[in-house]
Amino acid sequence: MIRVRDAHLHNLRNVDVDLPRGQLVAVTGVSGSGKSSLAFGTIHGEGQRRYFESVAPFARRLISSAVDPQVGGIEGLPPTVALQQSTSGGGARSTVGTVSAMSNTIRLLYSRVGDNPEGLYSDSFSPNTPEGMCPDCQGTGIQHVPTEESMVPDPTLSINEGAIKAWPQAWAGKNFHDILEELGYDLDSPWQDLSQKDRDWILFTEERPVVTVHPHRGADQIQRNYEGTWRSVASYLTKTFRETQSDTLRDRTLRFMESHTCPTCGGRRLNPKALKVTYAGLRIDELGALPLADVLTLLQAQPRDNTAAELLLKQVIPALESAVELGLGHLSLDRPSATLSPGELQRLRLAAQLRSGLFGVAYVLDEPSAGLHPEERTAVMDICRRFLAAGNSVLLVEHDMDLVAQADWLVDVGPLAGEAGGEILYSGPIDAYAAETPTSRALHSRQLQLNAAPRDAHGELSLHGVNCRSIKELDVDFGLGQFTAVAGVSGSGKSTLISTVLAGLLRSTATAVSDNEEETGWSVRAHEGLDQVSRVVQITQKPIGRTPRSTLATYTGLFDAVRKLFAATPAAKEKKWTVSRFSYNVKQGQCPTCGGAGQIEVELAFLPGSYSTCPDCHGARYNPETLEITWNGYTIADVLALTVDDAAAVFAEEPPIARALATLQSVGLGYLRLGQGAPELSGGEAQRIKLATELQRSRNSRRGHTVYILDEPTTGLHPADIALLNAELHKLADAGQTVLVVEHNLSVIASADRVLEMGPGAGADGGRIIADATPAELARRDTPTGRALASRA
Ligand code: ADP
Ligand code: ADP
Ligand code: ZN
Ligand code: ZN
């Protein structure tokens with residue numbers, strides 16, 4: 001048994017709980033009840049604390065301030081390995097191959113077993129090592145070249161009018177300008193009238209003359225001469241691009257260079273020698289571009305006629321097999337991990353774990369079913385069983401009751417969220433759970449309600465000749481005013497069709513509210529009905545910010561109204577303090593130690609992004625003078641500490657604030673504190689905050705017909721929360737708006753007016769519409785989603 005005593009992290013109420021080792025333990029509860037706080041924060045947190053102390057005992061004090069699992073003690077805790085859903089997939093160069101650790105083995109295959117006349121080592125097959133990268137593009141496959149057109153986009157301007165857009169801002173740019181002036185160049189004629197020789201020198205010379213600059217400044221400034229060093233614009237750009245650590249500066253620099261495929265490697269990122277080596281008839285970049293399912297078939301057919309081949313294939317084939325089983329067969333090794341969904345990324349890490357051969361550890365998994373079609377979810381159970389068979393324990397934070405039902409042991413956290421949660425409602429064998437709770441209700445009544453009265457469409461949006469990734473020449477239409485679920489096995493093209501193509505198209509013709517990056521690489525030959533849509537709202541699970549400065553209160557805009565109340569108090573008026581004084585992002589009001597964040601980032605190389613509470617304001621974010629002002633007895637910091645539910649009572653007489661709070665409650669977020677910072681919010685919470693903000697906006701004004709686009713909005717939500725969210729989405733359709741959700745959740749699919757199912761398979765085998773039906777009709781069809789609906793209806 002793993003015996004947890006007095007766990008009190010976040011909302012956990014001094015919890016004692018015993019979990020069996022060597023069994024499959026499911027941790028359930030409504031969102032915000034404390035599941036993650038128990039499984040990840042407490043159990044894995046304690047595991048990590050012990051691990052860090054063993055590797056870096058000298059850093060004990062720093063570690064305990066950053067990783068504090070706030071638990072009395074845990075007996076019988078094995079080492080823990082956590083696989084958490086995260087949207088960040090490592091560095092910019094991280095790929096499916098590197099995340100799964102398969103790339104290493106593949107490179108060894110090329111160097112040891114491949115047809116390798118040069119005798120290259122495995123490092124030479126990686127575009128990420130100095131030995132392996134193409135020397136002319138640093139392994140990026142793209143060359144960035146400054147040209148006259150890219151550096152001086154408007155040649156009718158003179159230098160004094162800002163012709164050289166590529167020059168840096170502030171001092172450095174002025175320095176270059178002043179040097180040219182000292183050198184006697186013509187700064188007032190249009191750029192195009194300068195001689196080619198002068199233009200080439202300014203833009204491209206490698207010379208770096210040192211010039212005495214006599215700067216002219218305003219009369220009140222000191223004018224001091226200095227020695228300035230010249231750099232041509234091109235040399236400045238390439239040097240900056242090569243050396244800067246700042247993404248912003250890098251992006252700015254890129255704007256003034258032309259980018260094209262590297263001619264040396266043809267975009268393959270590798271050095272020419274490595275590109276000559278083949279294995280299984282393919283170059284390593286060709287193998288890297290194949291879907292994993294094909295790589296598996298190919299490698300299975302390779303001879304194992306020497307020790308190296310035998311050994312390496314024995315390593316990589318099981319990892320490929322589990323990746324394919326986990327619904328990842330459509331990915332390729334070279335796919336950048338930044339383009340994967342959080343669920344895909346976690347399953348990839350899971351597949352990689354299977355080959356690590358660890359035993360005696362406790363795996364802590366975060367909803368590994370996310371992103372999988374119900375028919376594909378059995379693979380998750382198989383993998384958990386394999387971990388157990390190898391002598392490990394598995395703790396599964398999971399919402400899919402079909403999976404939970406297969407666990408050995410259940411820990412249910414609740415009863416509600418936040419302060420109304422944090423208790424263990426049940427810990428015991430799964431079959432014996434009979435109490436009246438949301439989880440046991442969901443476990444025991446898994447029958448679906450198929451929508452019996454689907455709404456009719458009041459218009460149509462038709463796309464013809466859609467092309468993007470695996471979608472080829474697809475014709476599809478969507479009903480306006482309907483709630484449409486887009487279903488299908490993973491990799492079948494749902495997100496591509498909805499989040500990339502349709503959202504992209506609507507963004508180009510209607511007002512858009514979206515935090516998704518604009519994607520390219522799609523085309524639509526013809527379309528009808530787009531003129532009926534005036535807005536598109538795309539809501540993702542991306543965080544609402546990266547630092548504790550973005551909070552629920554600021555994001556929803558309700559904090560502006562709260563600050564007005566404080567500025568209107570007699571005490572504030574007397575001091576002539578305005579609304580800005582009550583913003584923690586403004587100097588006058590904020591705590592100087594933490595700059596208004598309430599927390600201070602702890603710099604630990606092995607734990608980036610850790611925060612600890614500010615020692616001066618203790619999380620209040622404000623300086624003491626600001627906190628002297630109260631409104632109805634509350635300081636502004638007290639307000640930020642309120643939960644949405646409590647605030648609803650406090651601000652009941654303030655209509656704009658009360659309305660915003662009511663909307664948050666309607667999507668099940670009453671338990672969040674107003675000042676809860678972005679790093680403390682889950683993806684599902686962030687998404688519901690965005691949805692609530694949007695509902696609030698659309699209620700406030702009439703903005704014409706809106707299309708709402710959501711991609712797997714139920715990820716991370718308990719069945720009880722899903723019901724709430726789904727009801728809100730249906731209200732939008734009731735009001736005549738169009739709702740499109742990419743979903744695997746059967747209760748959401750069953751509630752839709754219309755289901756578009758994509759398939760039949762993944763990747764190149766997908767990209768088509770295999771069913772377009774009401775849920776009741778679909779349940780009678782022999783498709784993956786039809787079968788799943790039928791089995792539960
Ligand atoms: P669940 O996993 O069940 O959704 P969590 O364990 O994430 O719930 O959250 C339980 C409670 O703790 C919630 O009220 C949540 O807002 C709060 N919480 C979560 N993370 C943090 C954090 N880093 N700091 C403070 N409170 C947090
Ligand atoms: P689904 O949403 O049904 O899981 P996707 O639309 O994500 O399917 O994927 C459809 C196909 O497009 C798959 O072969 C997938 O690997 C590929 N794909 C998806 N996103 C990207 C991307 N950003 N870059 C390259 N290929 C992608
Ligand atoms: Zn190259
Ligand atoms: Zn502070």
Side-chain angles (χ1 to χ4, degrees), residues 7-13 15 27-42 45 68 70 84-85 127 132-144 260-272 274-275 285 366-367 397-399 411-414 416-423 439 548 552 584 589-600 609-624 626-627 637 641 643-645 668-686 688-689 716-718 721:
H8 50 273
L9 182 67
H10 305 151
N11 68 335
L12 295 178
R13 296 210 203 159
V15 157
V27 184
T28 56
V30 298
S31 311
S33 61
K35 300 178 296 296
S36 314
S37 300
L38 178 66
F40 290 96
T42 307
D68 183 357
Q70 305 211 14
Q84 223 163 340
Q85 305 235 357
M133 63 177 55
C134 163
D136 293 329
C137 61
Q138 279 73 47
T140 60
I142 300 169
Q143 273 187 356
H144 305 286
H260 44 74
T261 309
C262 167
T264 310
C265 62
R268 300 189 185 94
R269 305 167 58 213
L270 276 174
N271 68 83
L275 286 175
D285 63 300
D366 181 11
E367 208 184 3
V397 174
E398 184 55 72
H399 295 289
V411 177
D412 195 27
V413 189
L416 301 171
E419 272 138 53
E423 287 172 33
T439 301
L552 174 61
Y584 51 77
Q590 69 189 195
C591 160
T593 311
C594 59
Q599 298 178 323
I600 292 185
S610 308
Y611 289 90
S612 72
T613 306
C614 169
D616 281 346
C617 65
H618 306 287
R621 298 172 183 259
Y622 291 90
N623 56 34
T626 311
L627 295 180
T643 64
V644 170
D645 286 337
L669 294 178
Y671 65 94
L672 289 180
R673 280 177 296 102
L674 299 190
Q676 205 141 337
E680 296 171 17
L681 297 167
S682 69
E685 285 169 340
R688 284 186 290 161
I689 291 173
L717 301 189
H718 186 276
D721 298 310

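Ligands are counted one by one from 1 in listed order, and the atoms in each one are counted from 1 as well. Below, all heavy atoms of this structure are taken into account, side chains as well, without hydrogens, waters or symmetry copies.
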Undergrad: Only heavy atoms of G418, strictly under 4.0 Å: list the atoms of ligand 1 that pass.
TA: 14 (O)
Undergrad: If we ignore hydrogens and angles and just use 3.5 Å, is the side chain of K35 paired with the main-chain N or O of V27 as donor and acceptor?
TA: no
Undergrad: To the nearest 0.5 angstrom, please state how far the OG1 atom of T264 sits from the CZ atom of R269.
TA: 15.0 Å
Undergrad: Taking all heavy atoms of L12 and all of G34, pick out the closest pair and write down the distance.
TA: CD2-O, 3.8 Å
Undergrad: For the residue pair H718 and T439, establish whether any side-chain heavy-atom pair is separated by less than 4.5 Å.
TA: yes
Undergrad: Of all the non-hydrogen atoms in the protein, which one sits nearest to atom 13 (C) of ligand 1, and at what distance?
TA: G32 O, 3.6 Å
Undergrad: With a cut-off of 4.0 Å, which atoms of ligand 1 are near a heavy atom of H10?
TA: 12 (O), 18 (N), 19 (C), 20 (N), 21 (C), 22 (C), 23 (N), 24 (N), 25 (C), 26 (N), 27 (C)
Undergrad: Would I689 and L672 count as a side chain to side chain contact (heavy atoms under 4.5 Å, CB included) if you check the C-alpha gap in whole Å, the side-chain angles of each, and the deciding distance to 0.1 Å?
TA: CA-CA 10 Å; I689 291 173; L672 289 180; 4.1 Å; yes
Undergrad: Does some side-chain heavy atom of E423 sit less than 4.5 Å from a side-chain heavy atom of V413?
TA: no
Undergrad: I'd like to check the salt bridge (charged side-chain N to carboxylate O under 4.0 Å, His left out) partners of D721; sequence neighbours left out, ordered by chain and number.
TA: none
Undergrad: If you have a sec, work out which protein heavy atom is nearest atom 8 (O) of ligand 1 and how many Å separate them, to one decimal?
TA: G34 N, 3.2 Å
Undergrad: Is the backbone N or O of L717 less than 3.5 Å from a side-chain atom of S31, with the two atoms forming a donor-acceptor pair by type?
TA: no
Undergrad: As an exercise, identify every atom of ligand 1 less than 4.0 angstrom from a heavy atom of S37.
TA: 5 (P), 6 (O), 9 (O), 10 (C)
Undergrad: For S36, counting its heavy atoms only, list the atoms of ligand 1 lying under 4.0 Å from any of them.
TA: 1 (P), 2 (O), 6 (O), 7 (O)
Undergrad: Give the contacting part of E419 toward ligand 1: side chain, backbone, both or neither, where contact means a heavy-atom distance below 4.0 Å.
TA: neither
Undergrad: Determine yes or no for a side-chain-to-main-chain donor-acceptor pair under 3.5 angstrom, with Q599 supplying the side chain and C614 the backbone.
TA: no
Undergrad: Short question: side chain of N11, backbone of G418 - any donor-acceptor pair under 3.5 Å?
TA: yes
Undergrad: Taking the side chain as C-beta and beyond, is there a heavy-atom pair between T643 and Y671 under 4.5 Å?
TA: no
Undergrad: What I want to know is whether K35 and ligand 1 share at least one N or O pair that is separated by under 3.5 angstrom.
TA: yes
Undergrad: Nearest protein heavy-atom contact for atom 25 (C) of ligand 1: which residue, which atom, what distance?
TA: E680 OE1, 3.3 Å
Undergrad: Are any of the heavy atoms in V30 under 4.0 Å away from ligand 1?
TA: yes
Undergrad: Hey, does the side chain of T626 reach the backbone of G589 with a donor-acceptor pair shorter than 3.5 angstrom?
TA: yes
Undergrad: For the Zn ion (ligand 4), how many protein N, O or S atoms come closer than 2.8 Å?
TA: 4
Undergrad: Does ligand 1 have a heavy atom under 4.0 Å from the side chain of L38, from its backbone, from both, or from neither?
TA: neither
Undergrad: Which of the atoms in ligand 1, numbered in the order shown and given with their element, are less than 4.0 Å from a heavy-atom of L672?
TA: 16 (O)
Undergrad: SG (C134) to the Zn ion (ligand 3) to SG (C262): angle, nearest 10 degrees?
TA: 110°
Undergrad: State, yes or no, whether a side-chain contact exists between E685 and L669 at a heavy-atom distance under 4.5 Å.
TA: yes
Undergrad: Atoms of ligand 1 less than 4.0 Å from S31 heavy atoms?
TA: 4 (O)
Undergrad: Can C137 and C265 be said to form a side chain to side chain contact (heavy atoms under 4.5 Å, CB included), step by step?
TA: CA-CA 8 Å; C137 61; C265 62; 3.8 Å; yes
Undergrad: For ligand 1, which atoms have a heavy atom of Q676 less than 4.0 angstrom away?
TA: 15 (C), 16 (O), 17 (C), 18 (N)
Undergrad: Measuring from the heavy atoms of G29, does anything fall under 4.0 Å of ligand 1?
TA: no
